[in-house]
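Everything below concerns the one structure shown next.
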Amino acid sequence: MMVDAVSLSALSGAHALNKPAAASAQDNPVVNFATELAGVVRAGESAALAGVSGQMPMQDVVNQVMTAERTLNVTVAIRDKVVSAYLELSRMQI
Amino acid sequence: MDPIASAGKLASTALFAQSMRMRIVAENMANAQSTGAKPGADPYRRKTISFAEAMDEVTNLPTVRISDVGRDQAPFPVEHMPGNPAANAQGDVKMPNVNMIIEMADMRQASRSYEANLQVIKQSHEMANSLIDLLRGQ
């Protein structure tokens, strides 16, 4: 899997997802993953809002927010791995 | 679906079921002295709750749902209270068939089941987190 600048910017923040993705990034697993992540986090946020206004049972809210948290944790861990891989590359002797 | 996430979702539906059970207990306890409005009228009838397995169509998980909130058909105890508006010609009043001891036991059982399912959520959260920590190299 190639990690290019487009997919890295998609990983770094949700704002990049709102823009139409470049044609080459359409089938990129990293972009797909980031889109999926944004969806899960958004579901967690809307669940939290619905819980505050009493439209959703508290148990469902907690479950969705915890799912969002877990997804975010996985993403952060993977991002750290990618960044450290790039750091290793930049430290390479030329 | 990820088994650890499934465990969390299943336990959260069970938490909801036990919360509903707690609500029914609260309704019964609150109406333990609710008599009828007219002479000879029936008082509050104790509510019962039962659960059933429910297949979640999206995730295909055997979650739990409230299958029925019914009424306890046990006979009403009769007390002699001539001053009560629900008293019949003999001064007898039908009291709700709510037994406080049964309600307390039911409440305790709901609370224990809730705790057990909460523990499932806590434990699955811990398992998922320690797995993710592997990625972080800790």
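Convention: sequence-line order gives letters A, B, ...; per-chain numbering from 1.
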Requested in this report: Would you check if B:Thr13 and A:Gln59 make a side-chain contact, meaning some heavy-atom pair closer than 4.5 Å?
Outcome: no
Query raised in the report: Hey, any chance B:Phe51 and B:Ile24 share a hydrophobic cluster, counting ILVMFWY side chains that come within less than 4.5 Å of each other, even indirectly?
Result: yes
Query raised in the report: Tell me, do B:Leu15 and A:Met58 make a side-chain contact under 4.5 Å, heavy atoms counted?
Result: no
Requested in this report: Among A:Asn73, A:Asp80, A:Val76, single out the residue with the greatest number of heavy-atom pairs under 4.5 Å to chain B.
Outcome: A:Asn73
**Report entry** In one Ile/Leu/Val/Met/Phe/Trp/Tyr side-chain cluster, 4.5 Å: B:Val64, B:Met55
**Finding:** no
Query - CE-NZ distance between A:Met66 and B:Lys9, expressed to the nearest 0.5 angstrom - result: 13.0 Å
Query raised in the report: Does some side-chain heavy atom of A:Val62 sit less than 4.5 Å from a side-chain heavy atom of B:Ser12?
Result: no
Query raised in the report: Got more than 12 heavy atoms from elsewhere within 6.0 Å of CZ, B:Arg65?
Result: yes
Requested in this report: Verify the cluster assignment for B:Met104 and B:Met22: are they in a single hydrophobic cluster under the rule of side-chain heavy atoms below 4.5 Å apart?
Outcome: yes
Query raised in the report: Would A:Val65 and A:Val52 show up in the same hydrophobic cluster when neighbours are defined by side-chain heavy atoms closer than 4.5 Å?
Result: no
Requested in this report: Could you walk me through whether B:His125 and A:Glu69 pass side chain to side chain contact (heavy atoms under 4.5 Å, CB included), step by step?
Outcome: CA-CA 10 Å; B:His125 192 61; A:Glu69 185 200 350; 3.6 Å; yes
Report task. Heavy-atom distances under 4.5 Å only: say whether A:Asn63 touches chain B with side chain, backbone, both or neither. Result -> side chain
**Report entry** Shared hydrophobic cluster for B:Val69 and B:Phe16 (ILVMFWY, side-chain gaps under 4.5 Å)
**Finding:** yes
Query raised in the report: Atom CG of B:Leu131 and atom CZ of A:Arg70: how far apart are they, to the nearest 0.5 Å?
Result: 10.5 Å
